[in-house]
Structure formats: structure tokens, C-alpha cells
Number of protein chains: 2
Amino acid sequence: MSFEKYTLKDIAKALNLSTSTVSRALRDSYEISEETKKKVLAYAQEINFQVNPIARSLKERRSNTIGVIVSEISNNFFSQIIEGIESIAYERNYQVVITQSHEIVKRERTLVEHLFSRSVDGLLMTLSSEDHEAQYLEQLVNRGFPIVFFDRVPETFSAHKVIADNAKGGLEAVEYLVRKGCRKIAHITGNHNLSTNRERLEGFKKGLKSNGFPFEERAVKYCQSGGSNQLEMETAILELKDYEYDGIFISGDRLTTGYLQALNRLSPHSIREHKIVGFTNSKVVDIFNPAITAIKQPAIEMGQRAARLLIAQIEAKYPIEDYETIILPIEMVD
Amino acid sequence: MSFEKYTLKDIAKALNLSTSTVSRALRDSYEISEETKKKVLAYAQEINFQVNPIARSLKERRSNTIGVIVSEISNNFFSQIIEGIESIAYERNYQVVITQSHEIVKRERTLVEHLFSRSVDGLLMTLSSEDHEAQYLEQLVNRGFPIVFFDRVPETFSAHKVIADNAKGGLEAVEYLVRKGCRKIAHITGNHNLSTNRERLEGFKKGLKSNGFPFEERAVKYCQSGGSNQLEMETAILELKDYEYDGIFISGDRLTTGYLQALNRLSPHSIREHKIVGFTNSKVVDIFNPAITAIKQPAIEMGQRAARLLIAQIEAKYPIEDYETIILPIEMVD
DNA sequence: ATGAAAGCGCTAACAA
DNA sequence: TTGTTAGCGCTTTCAT
């Protein structure tokens, strides 16, 4: 293998052709003789020629790169999404540029501007949990810049969106708990700026209703920090204790593990025995203590679908007229 | 915020200057008057001008992009490393392009060639576990292309390397187990093409020796698939059973969780009670069942150090004469 | 079917 | 201090 960086000019010189002819041969243009094409291709192969993607990008005004914004890369769920994105990008010959917003709106915006100006061809993103009006995103979308939102999506404007069936997750959680004999079901949720948490709460309420249970506000605890704040979680649990719940539904990945951690820190037996159902994409729920029932989102598929949707838009000949919202089924793992 | 893409030419025209003057003003060149500079900067600000990084890259022959190759993005440890890399890249104004080798040498090589030809300015990578001679990598390194290896590093040639103190991890695992009263200590390890696994085994042996225990080959099980293969792990455990170990040291992240999963699947009480120490970067070891002692690698720091080293080399005026190997301390979490 | 030449947006050597 | 110009490597229009 050679690591020389050859240019079209090098090939042209070697074969006594013009760069345009070489370019045409390499791009399999119709206006080229079989013979010349073969000669060029053979030589290119021989020296392991690779076009300079930067020069091509400058010329073509596209970079074959897609930008990704998540809140934290090292979050289970997001890293699985990225895995899905990367798999599609790889086969479609796109590069993936990863960034993290750390749940900070301002940084998110900087990243969007940066990636946009960096000439990514499109953006895959999930919103940060900080409160924000996403008008600048709406503008971008409306101007035809390809963006696909996943997981936490904007609700005030239309755009391509890929989400899990969050409401159904909440609903099924309750049904499951009821089936297991629970009669007082609590709920821990995160920041309600996020579509996901709101939808899951809706499902939760619906589940209670359809099973003839009343919805009680005191059965719900809101952990704004999403489970990463120990104190917040412990407080929530202690406050919830009086409710004497025998089942609980937890709305997010970090919330679920944070709940279990807090439970282990507090004397476990001071709390009434109860069943736990929680959203989590951990690959090791089966070794969690206490045991829980997991609601899994098809994270890899979510990344793949989002990536496909994005690439389709990037490569589309005509502007999008209808935005798509893909809702993927969740899965309960016992 | 405006999303128009302005060019230097636009600014030049608006201010009645030449593009070079504008360029110089924007780059804070010394050969420019304060006045003009201010004028240009003010206008650029006003229209939210961003240079076209692709054009700049073409001109400067560098892309401000670094490529990253890991085996799986969604692996705890690697996603934490990526988090570290991203944090440094962000502050140093580099883009990060993420790819995964899926432990396949051939794909790894394709990725290297691809990223190299894609004009990344440097590469951060960990070797895939498949057996391979990394000659092509050696060539690249020797030709001065900036590559920093982390975690699983090549041993046949010198290059920048950032690793954890794997041997010490093995050593401390044994010391810990002995301190806890264990007298028969087993070991589960992964693919021995990987430097990490070999080093940890060495530490294990050293620990036994310094405590006056003999090293017995039958106390060690080799799981080639690194813990992702259930059957392999279960077989290992069953074979190990006769050894009647009262302590075990496990060499990797997936191996550790895989071990716990297998333990839970097999009837847990059919196996003699024992203490477990394992390498893992899971953030939720404290809810694992059975309880274990974790050996953590400073993954985020590893990513940061590797990224810094790489960027230093990329931006260095002179070729590297001495390659650095950074060994980071591990941490035991009880 | 092939070549010459312009131009994508930027930087920098050279001229003024 | 500022402007003119060439050129990074590629694609493509226009000539031949």
C-alpha cells in the first residue's frame, strides 16, 4: 500500500492525458472511450489513487459529512444511536462528525452554527433538556437545510422526526405493573421540556385510567437533573415513601439507574417492596439489583432510520414537501 | 441569526476592499491597519460571517479534523474515551470523525485508508482484537503521519501510546483478593492478541507470586470473544468450577458483565461463593448483582491525553523524534 | 472523445 | 498598508 497522495494531474501527466479526461474516466462519464477509461482506472488502481475529498467538496458544494449532536456521547442510549448512524453512514459513504451539547442550549446552538458553517450536508440531533425556543432550528429547517431530529424532538414546528413510542411505553409499564398485582403505582420523570418525558407521563396516565386507577399528582416526582443528581433522587424517593407505592414506572435511562443506586444507598428495607419498570437501554439490566423490568428503545434502529431519512433528504432532487415522523415500537424486557 | 453563506468576496465588495485585505483582517495579520481591521471585523460580525472551512482546508492542506477508530462506539469504555477526545477537540477547534472497526482487521484497514485519504490531520485509534500485523500502520507512523494509539496498542514498533496501567490492575486485583482472604484465585481473560489482556495477566501472575501463591494454568480461562459470547463464558465458568476458586479476577469490561450475566443464568448457588474483581468502566457497578469490585480506567482522561498528544503532533513545527507512552493509573472501586 | 480553461473560496507571495 | 494574482485539486462548460 502506498500512502502517496496523488492528484488527477499526476495521473494525467503519467498517461499523457488532460486532467478533465482523467476526471471523467474516474467518474465513469459517458463521454469517454472504453479504452481510455480502462487505462486510467488501471493506473489509478496501481498507485492507489484516492480523490481529494476536500477539493471535490469545494467544487461540489457538499462534503459527504453529517453532523450529529447528542447531549452526552457516553450515555448508553445515545452511543447506541450513534452506532446506528455510523453503520448507515459507513455504507453510504458519509462521514459522521460527533458533538455533544451537554444539555446546554447555548452550546447546542453554537454546535449547530458551527456544523452548519463547517459545511456538513445535514444534521442529526436530539434536543438538550434546557428550556428553549428552537426558532433558529425552525428557520434552518424551513430554509431547506436537512435536519432530522431523534428522541427529543421539537413540537412547535414540523420536521423529520424519529422517536420511540413513548406514550405506549408508559401505558405498557402500567399495564404490566397492574398485571403483576400492583395497586399503587408511582412515577418518576425528568425534565418536562422534553417531549419524551411528557409523552411517557401521558401514557402513564392513560394506563391508570384504563385500569380504573385514579391519577394522583403526589404519585409523581419530577427530577429535573434527569437522575444524575444523587440528592435529588434520594429526596424524591423519601418524599414518595409516604405514598406507599407497590409499583413504580421510571421515565429515563439515567433516572432508572439513578433510582436503583439511590435505593441501594438508602437502607433498602426501609422502603416497601415494589416492582420497578423503567426506560433503559442498558445491555446489562439482567444483573441489576434490585431486578427491574426494562423498557427498551430500538436505539440502533433509531439511529439508522434517522440517518437514512437524512441522507435521503440530502440526496433528494426536490425540496421536501412532507416531513415524516417515524415512531418506533418499544420493547419490554423482563 | 442569519444562515446566508457569505464569502470573503462579499465582504470585500461591501467594504470596497480586496479579498486579501479582508482575509488578513479576519486572520489578524500584522500587516493591516487597525481601522480596516475593525471595519472588517464589525461587518463580519454583523452578517455572522464564517469562513468556508473547506476552501481553507484545500488551501492549507489540513482539515482540522481528527479521525477516531474504536471497535464499538456503544461500548462503555470507548464511548467514555470518545467523550474525552471530543472535549479536547471542541476546545481546540477540531472536528472529530468517529468510526468503528467491529474488531475486524480488514475493516480497520479500510477505515485507516479512508480517513487518511479523507484528509484527516491525524488519527486516534485502538487496535482491533483480530490477529494482525500492523505493518501498514507502522509505515504510516514512520512517514510522519500523526497517529496516537490508545488502550490496545501495537507492540512491534514505537509510536505515541496512551494506556492504562494494566499490569498494576492485575497486580492490585490479586492483592485485594488476598487481603480479603481468598486463597484460590481464578482469572478470566480475553483475546491475547491484545496488549491489554497480556499485561493484565502478567500483573495477575506477579500478584500471585509476591503473595506466595503458585500460578496454575488451569486457573485461567481464555474467552476469545471477549465476553459477548454467552456460551463461551458459561463453558469457562463450568470448567473453572472444579478449581473451587474463592476469588476471581476478570480482564475486561464485557468479560466482567458477561461473567455476571452467566453467573445469574447458571444456578448461582451451584458455584462456590467467591469475590469478584473485574476491569469495567460501567457507571453503575454499584447496582450489579452479585456485587463486585471494579477496576476502572480513566477513560475520559485517556481520550483527552491522546487527543492532546495528537494535536500537539499535528501542530508541531518539527517532526517527532521521540514517541511518548503515557501510562495512566487505574482505580479500584469497592 | 478529448482538451483548455474557468471557478469553487481561500491564502500568500509579490507588486505597488 | 493594500491590491493583484496564482494556485490548492477538482469538476464541468465550451471548444475542438
Side-chain angles (χ1 to χ4, degrees), chain A residues 3-41 43-44 47-65 93 95 114 116-121 315, chain B residues 3-41 43-44 47-65 93 95 114 116-121 315:
Chain A
F3 288 111
E4 297 307 323
K5 295 212 178 172
Y6 293 97
T7 66
L8 290 193
K9 217 165 150 186
D10 296 326
I11 300 183
K13 208 178 297 168
L15 301 182
N16 237 298
L17 291 166
S18 73
T19 58
S20 34
T21 304
V22 175
S23 172
R24 279 189 276 249
L26 257 18
R27 322 202 73 212
D28 202 19
S29 161
Y30 60 98
E31 41 177 5
I32 189 102
S33 76
E34 268 308 311
E35 199 192 359
T36 323
K37 196 198 295 182
K38 261 189 203 142
K39 212 165 54 180
V40 171
L41 257 35
Y43 186 69
I47 63 174
N48 188 31
F49 174 80
Q50 310 275 75
V51 292
N52 179 328
I54 296 192
R56 179 178 278 176
S57 292
L58 180 59
K59 180 70 189 176
E60 313 232 290
R61 290 137 168 290
R62 52 195 299 274
S63 57
N64 263 260
T65 298
N93 206 26
Q95 286 195 132
H114 199 241
F116 178 77
S117 86
R118 274 279 178 179
S119 314
V120 299
D121 296 334
E315 297 181 350
Chain B
F3 288 112
E4 297 307 324
K5 296 212 176 171
Y6 294 96
T7 67
L8 289 193
K9 216 166 151 186
D10 296 324
I11 300 183
K13 207 178 296 168
L15 302 181
N16 236 296
L17 292 165
S18 73
T19 58
S20 40
T21 303
V22 175
S23 172
R24 280 190 276 251
L26 257 19
R27 323 199 74 215
D28 201 21
S29 161
Y30 62 97
E31 42 178 2
I32 190 110
S33 75
E34 267 308 312
E35 197 192 359
T36 324
K37 196 199 293 183
K38 262 189 202 140
K39 211 164 57 179
V40 171
L41 257 36
Y43 185 69
I47 62 173
N48 188 32
F49 173 79
Q50 312 275 74
V51 293
N52 180 328
I54 296 192
R56 179 177 277 177
S57 292
L58 180 59
K59 178 71 190 175
E60 312 236 287
R61 290 138 167 291
R62 51 195 298 272
S63 57
N64 264 259
T65 298
N93 207 26
Q95 287 197 132
H114 199 240
F116 179 78
S117 86
R118 274 282 178 176
S119 313
V120 298
D121 297 334
E315 297 181 349

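Letters A, B, ... mirror the listed sequences (proteins, then strands); counts begin at 1. Because only heavy atoms are used, hydrogens play no part in the values below, and waters and symmetry mates are left out as well, while side chains stay in.
- When rounded to the nearest whole Å, the span between CG of A/L8 and C1' of D/dG7 equals 15 Å.
- Close to D/dG9, at under 4.0 Å from its OP1 or OP2, lies a side-chain N or O of B/R61.
- Between the CG atom of A/L15 and the C1' atom of C/dT2 there is a distance of 14 Å, given to the nearest Å.
- In this structure, the CZ atom of A/R62 is 17 Å from the P atom of D/dC10, given to the nearest Å.
- Between B/E34 and B/K39, the closest side-chain pair of non-hydrogen atoms is not below 4.5 Å.
- A sub-4.0 Å separation between OP1 or OP2 of D/dG3 and a side-chain N or O of B/S18 is present.
- The side chain to side chain contact (heavy atoms under 4.5 Å, CB included) check on A/S117 picks up B/Q50, with sequence neighbours excluded.
- In terms of modelled atom types and a separation under 3.5 Å, the side chain of B/T7 and the main chain of B/D10 share a donor-acceptor contact.
- As judged by a 4.0 angstrom heavy-atom cut-off over every strand, B/I32 is placed among residues touching the sugar-phosphate backbone only.
- Contact check for A/T36 versus A/L17: side-chain heavy atoms found under the 4.5 Å cut-off.
- Taking atom CG on B/L26 and atom P on C/dA12, their separation rounds to 13 Å, with Å as the unit.
- Among residues two or more places apart in sequence or in another chain, the side chain to side chain contact (heavy atoms under 4.5 Å, CB included) test is passed with B/E35 by B/S33.
- Side chain of B/T21 to main chain of B/T19: no donor-acceptor pair is present (N/O by atom type, distance under 3.5 Å, no hydrogens or angles).
- Residue-level contact check: A/L17 touches the backbone only, with heavy atoms under 4.0 Å from sugar-phosphate atoms and none from bases.
- Here the P atom of nucleotide D/dT11 and the OH atom of A/Y30 are 16 Å apart, to the nearest Å.
- Atom P of nucleotide C/dT2 and atom NZ of A/K13 are separated by 20 Å, given to the nearest angstrom.
- No donor-acceptor pair closer than 3.5 Å links the side chain of B/S57 to the backbone N or O of B/A55.
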Identify all pairs in which a protein N or O lies below 3.5 Å from an N or O of nucleotides 12-16 of chain D, and state each distance.
{"unit_1": "D/dT12", "atom_1": "OP2", "unit_2": "A/R27", "atom_2": "NH1", "d": "3.1"}
{"unit_1": "D/dT13", "atom_1": "O4", "unit_2": "A/R24", "atom_2": "NH1", "d": "3.4"}

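- Each of B/A55 and B/S33 lies near DNA chain D, and the nucleotide nearest B/S33 is the one positioned closer to the 5' end.
- Nucleic acid contact class of B/S57 (heavy atoms, under 4.0 Å, all strands): none.
- B/N52 places its CG atom 13 Å from the C1' atom of C/dT11, with the value rounded to the nearest Å.
- If you measure from atom CD1 of A/I54 to atom P of D/dT11, you get 14 Å, rounded to the nearest angstrom.
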